[in-house]
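What you see is a predicted model, and the numbers here were worked out from it, not measured in a lab. FYI, side chains are in, hydrogens and waters are out, and symmetry mates aren't considered; it's all heavy atoms of this structure. Numbers here are sequence positions counted from 1.
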Amino acid sequence: MENSPIPIGKFHTLRNGYRVHYHEVGERAPGKPTVVFLHGAGPGASGYSNFKHNLPVFAEAGWHCIAPDFLGFGLSDKPAALCYTSLIQVAMLKELFQALGIQRVVPVGNSLGGAISLDYYMTHRGDVEKLILMAPGGLRDPREWVGESIGLQTMWKWTSNRPTDMDEAKSSFFDLLALLVHDKADITTDAVAERFPIAMEQPMILYQTLTCPFYLPSQLATIDVPVFGLWGKADRFLPYEQFEILKGALPNARISLSDECGHWFMIEEKERFNRECLDFLKD
């Protein structure tokens, strides 16, 4: 851990023996839920690298926040003998919340994190006060569109055939990250440095078994908490038009679309993201 690519936060050891890493900021307040930031599935992702521009702003606004690393990601354990399904991650979150004494949450999920936010809600409805979803999975059968996603196809190719030459690996990794954003300038040397070492140590079984359920419109329509969805129109991973599925199932859902970002709304339009999410939390 001395050469950790991201700041070291806190660890919790699960009943199964695996350690989960998370960052915690802000103070708890009676009657207010904890805002839980859930990262996506990009190689090398972590709660910190995805949400470092958001966590301190939310804490300053008076919210207690945690940003866990899913098993297989960040500084959490990455066992090579684990089936990395949404079920495993939802169970991990529930156990972490119980250990921290957290009873009510607002999941803020990007991509995989959005799918797991939906799955957590469907599994533990009573825990969730609101939902914030950024380009979430879980809204449509991926078999219908994943073959047309240049981002996901490139990600699968990179994780399946990581170059052994480090310079080649880092160059191709930058090209992969560049697909996540509208403007390549958002992929800084820090962004690569935070993610690349983690990506190189993630076991292939992670991406071979990484699965989440998707929910039919009739199932989405049963969500009875306020929902806020954000999409970038330049998204090359998940089609931004999937917002229409959420809006069709939940006509009262708040939707924010951006012409200026791709898959990383919280990074590419961080000021707008922070402002609009905090407004949603206040309402």
Side-chain angles (χ1 to χ4, degrees), residues 6-15 18-40 45-71 73-76 86-134 136 138 223-230 253-254 265-267 270 273-283:
I6 61 173
I8 299 173
K10 301 177 181 180
F11 289 90
H12 172 71
T13 301
L14 302 169
R15 288 189 293 270
Y18 299 135
R19 289 204 312 168
V20 174
H21 174 258
Y22 64 97
H23 281 93
E24 181 177 20
V25 297
E27 301 296 328
R28 302 189 193 197
K32 292 184 71 171
T34 292
V35 182
V36 183
F37 292 86
L38 300 177
H39 64 78
S46 67
Y48 172 82
S49 61
N50 272 45
F51 297 107
K52 64 181 181 180
H53 301 296
N54 319 115
L55 284 163
V57 178
F58 279 64
E60 187 176 340
W63 293 93
H64 176 241
C65 309
I66 64 170
D69 299 339
F70 291 129
L71 290 170
F73 291 87
L75 302 185
S76 290
S86 177
L87 180 66
I88 290 293
Q89 307 292 5
V90 167
M92 175 274 290
L93 290 173
K94 181 64 174 179
E95 187 174 339
L96 179 62
F97 297 159
Q98 290 175 332
L100 298 179
I102 294 171
Q103 297 180 332
R104 298 282 289 173
V105 297
V106 176
V108 180
N110 173 233
S111 196
L112 169 68
I116 291 177
S117 296
L118 285 170
D119 204 17
Y120 189 91
Y121 173 84
M122 295 295 184
T123 309
H124 304 289
R125 289 175 179 260
D127 294 1
V128 179
E129 192 158 307
K130 294 183 178 183
L131 278 168
I132 299 176
L133 309 170
M134 284 171 293
I223 296 175
D224 60 2
V225 299
V227 177
F228 182 28
L230 304 98
R254 187 180 300 185
F265 203 119
M266 70 289 188
I267 292 174
K270 51 184 175 291
F273 170 84
N274 292 336
R275 181 180 67 254
E276 292 186 356
C277 287
L278 288 172
D279 285 345
F280 174 72
L281 288 173
K282 285 190 302 184
D283 291 346

Asks: What are the two closest non-hydrogen atoms of K270 and M266, and how far apart are they?
Replies: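 Heavy atoms of K270 and M266 come nearest at CB-O, 3.2 Å.
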Asks: Do K52 and H23 have side chains that approach each other closer than 4.5 Å (heavy atoms only, starting at C-beta)?
Replies: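 No, too far: nothing below the 4.5 Å cut-off.
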Asks: Looking at CH2 of W63 and CG of N54, how far apart are the two atoms once the value is rounded to the nearest 0.5 Å?
Replies: 15.0 Å
Asks: Can you tell me how far CD1 of I132 sits from CG of L281, rounded to the nearest 0.5 angstrom?
Replies: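 So the gap between those two atoms works out to 4.5 Å.
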Asks: Mind listing the closest non-hydrogen atom pair of V25 and L55 along with its distance?
Replies: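 Between these two residues, the closest heavy atoms are CG2-O, 3.7 Å.
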Asks: Could you tell me whether the side chain of S46 reaches within less than 4.5 Å of the side chain of L75, counting heavy atoms only?
Replies: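 The answer is no; the side chains never approach within 4.5 Å.
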Asks: Determine, step by step, whether I223 and V128 satisfy the side-chain contact (heavy atoms from CB on, under 4.5 Å) criterion, reporting the C-alpha distance in whole Å, the side-chain angles of both residues, the deciding distance to 0.1 Å, and the verdict.
Replies: CA-CA 10 Å; I223 296 175; V128 179; over 6 Å; no
Asks: Measure across V106 and E129 and return the closest heavy-atom pair with its distance rounded to 0.1 Å.
Replies: CG2-CB, 4.3 Å
Asks: Which value, rounded to the nearest 0.5 Å, describes the distance between H124 atom NE2 and K94 atom NZ?
Replies: 5.5 Å
Asks: Can you find a heavy atom in the side chain of L100 that is under 4.5 Å from one in the side chain of Y22?
Replies: yes
Asks: Do H64 and I102 make a side-chain contact, defined as non-hydrogen atoms from C-beta onward lying under 4.5 Å apart?
Replies: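 Contact flag for H64/I102 side chains = yes.
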Asks: Indicate yes or no for a side-chain donor-acceptor contact from E24 to the backbone of K10 under 3.5 Å, with no hydrogens or angles considered.
Replies: no
Asks: Any salt bridge linking R254 with D283? Criterion: basic side-chain nitrogen under 4.0 Å from a carboxylate oxygen.
Replies: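 Yes.
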Asks: To the nearest 0.5 Å, what is the distance between CE on M92 and CZ on F97?
Replies: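 Answer for the CE-CZ pair, M92 versus F97, is 8.0 Å.
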Asks: So, for P68 and F37, which heavy atoms are closest and what is the spacing to 0.1 Å?
Replies: CD-O, 3.4 Å
Asks: Please name the pair of heavy atoms, one in S49 and one in I267, separated by the smallest distance, quoted to 0.1 Å.
Replies: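 The answer is O-CD1, 4.0 Å.
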Asks: Are the side chains of V108 and F273 in contact, using a 4.5 Å heavy-atom criterion?
Replies: yes
Asks: Minimum heavy-atom separation for D69 to S76, with atom names?
Replies: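 The answer is O-OG, 2.7 Å.
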Asks: Under a 4.5 Å cut-off applied to non-hydrogen side-chain atoms, are Y121 and P107 in contact?
Replies: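 They are not in side-chain contact.
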Asks: Going from NE2 on H53 to CG on N50, what distance comes out if it is rounded to the nearest 0.5 angstrom?
Replies: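 Here the rounded value is 10.0 Å.
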Asks: Report the distance from atom CZ of F58 to atom CG of N274, rounding to the nearest 0.5 Å.
Replies: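 Rounded to the nearest 0.5 Å, the CZ-CG separation comes out at 5.5 Å.
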Asks: Are side-chain heavy atoms of R275 and D279 found at a separation under 4.5 Å?
Replies: yes
Asks: State, with a plain yes or no, whether a side-chain heavy atom of L38 is found less than 4.5 Å away from one of L93.
Replies: yes
Asks: Counting heavy atoms not belonging to E27, are there more than 12 under 6.0 Å from its CD?
Replies: no
Asks: Check the pair F51 / H39 against ring pair (Phe, Tyr, Trp, His ring centres under 6.0 Å), numbers first and verdict last.
Replies: CA-CA 8 Å; F51 297 107; H39 64 78; 7.9 Å; no
